[in-house]
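One structure below.
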Amino acid sequence: MGVGGPQRTTVDEALLRGDASDVAPRLLNLLLVHGQEVGRIVEVEAYGGARDAASHAYRGRTRRNASMFGPPGVLYVYLSYGLHHCANVVCGAEGTAGAVLVRALDPVSGIDAMRRRRSGATSKERLCAGPGRLCAALGIGGDCDGTDLLDVRSAVTLADDGTAPPLEPLVGERVGIGLRAGPAARLQWRFAVPGARSISRPFPRAGRDPLS
DNA sequence: GGGGGGATTCGG
DNA sequence: CGAATCCCCCCG
């Protein structure tokens, strides 16, 4: 057999139909593709709708978050802190808000182009370790908001090379959620591939209870 | 119409 | 730790 690597297929919409917290861990080890630049999704976070105080959609639809209400498979891109773009895979039924934030990729190909876009980054494992970093590396900007990730003709797509998601992903609280989000800040809606090289920030050590 | 805060990142 | 810098929310 050839050494060209496993065949890449598109992702079925059925994978994305559920709630964000159910869909998120199933996106681990899929590929995010923009032209020649390809990265493996190794860290994600789930964001819901009206019941998730940490979600952009908590207070309903706005111009910014409109894509979150779209059909599953749409790309939701927003500008964070006026500087960095962040990419989400929209999930759940059309009309309901739900999305999975892609927080880190392991670079697979197009690494030279990624480095060019991220002039500061040197090491491969930092290239796409963070939601803003990976968008910069892949060239995903606001113009990509609303893209259909399941359409092979799109500039940005999701792909599956046959690597299954981990049976036991790392699980933790979402990053950067302020106290104003209330109990939603403690939801264990962050997931990652154990042992992945590119993780945006460490997960707290599991296996011990706090001293409460 | 104004002010505060953010799903971030980098440099000092 | 603070700056960069835009969108959105809430209050008046």
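Lettering of chains follows the sequences in order, A, B, ..., and the numbering in each one begins at 1. Just so it is clear, the model here is predicted, and its values are computed rather than measured.
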Starting at [atom1] of [X] and ending at [atom2] of [N], how long is that distance when rounded to a whole Å?
X: A:Leu127; N: B:dT8; atom1: CG; atom2: C1'; answer: 16 Å
X: A:Arg174; N: B:dT8; atom1: CZ; atom2: P; answer: 11 Å
X: A:Leu79; N: B:dT8; atom1: CG; atom2: C1'; answer: 10 Å
X: A:His84; N: B:dC10; atom1: NE2; atom2: P; answer: 7 Å
X: A:Arg61; N: C:dC9; atom1: CZ; atom2: C1'; answer: 18 Å
X: A:Arg117; N: B:dC10; atom1: CZ; atom2: P; answer: 16 Å
X: A:Leu179; N: B:dG4; atom1: CG; atom2: C1'; answer: 16 Å
X: A:Arg201; N: B:dA7; atom1: CZ; atom2: P; answer: 13 Å

So, OP1 or OP2 of [N]: does either fall under 4.0 Å of a side-chain N or O from [X]?
X: A:His56; N: B:dA7; result: yes
X: A:Arg64; N: C:dC6; result: no
X: A:Arg103; N: B:dT8; result: yes

* **Residue closer to the 5' end of DNA chain B, A:Arg118 versus A:Ile177 (nearest nucleotide)** => A:Ile177

* Asked: Going by distance alone, is a donor N or O of one side chain under 3.5 Å from an acceptor N or O of the other, for A:Asp161 and A:Thr163?
  -> yes

* **Any donor-acceptor N or O pair under 3.5 Å, side chains A:Asp148, A:Ser154** =>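 On atom types as modelled, these side chains do not qualify, holding no pair under 3.5 Å.
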
* Asked: What is the minimum heavy-atom distance between A:Leu149 and A:Val156, and which atoms define it?
  ->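 That closest heavy-atom pairing would be CD2-O, 3.5 Å.
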
* Work out which heavy atom in A:Cys91 is nearest to a heavy atom in A:Asp19; give both atom names and the distance. =>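 Between these two residues, the closest heavy atoms are SG-C, 4.3 Å.
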
* Asked: Which part of the nucleic acid, if any, lies within reach of A:Asn65 when heavy atoms closer than 4.0 Å are counted: base, sugar-phosphate only, or nothing?
  ->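 Result for A:Asn65 = nothing.
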
Between [options], spot the one nearest the side chain of [X], thanks.
X: A:Leu101; options: B:dT8, B:dA7, C:dC8; answer: B:dA7
X: A:Ser55; options: C:dC8, B:dA7, C:dC10; answer: B:dA7
X: A:Leu83; options: C:dC8, C:dA4, B:dT8; answer: C:dA4
X: A:Met68; options: B:dT9, C:dC9, B:dA7; answer: B:dA7
X: A:Arg180; options: B:dT9, B:dG6, C:dC8; answer: B:dG6
X: A:Arg63; options: B:dA7, C:dC8, C:dC10; answer: C:dC8

* Is_stacked (A:Tyr78, B:dA7) at 5.5 Å, 30 deg ->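 The base of B:dA7 is not stacked with A:Tyr78 (the test needs centres under 5.5 Å and planes under 30°).
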
* **A:Ser55 vs A:Met68 side-chain heavy atoms within contact, under 4.5 Å** => yes

* Asked: Salt bridge check: are A:Glu45 and A:Arg103 linked by an N-O gap of less than 4.0 Å?
  -> yes

* Structure fact -> Applying the 3.5 Å cut-off to both distances, the Watson-Crick or G-U partner of C:dT5 turns out to be none

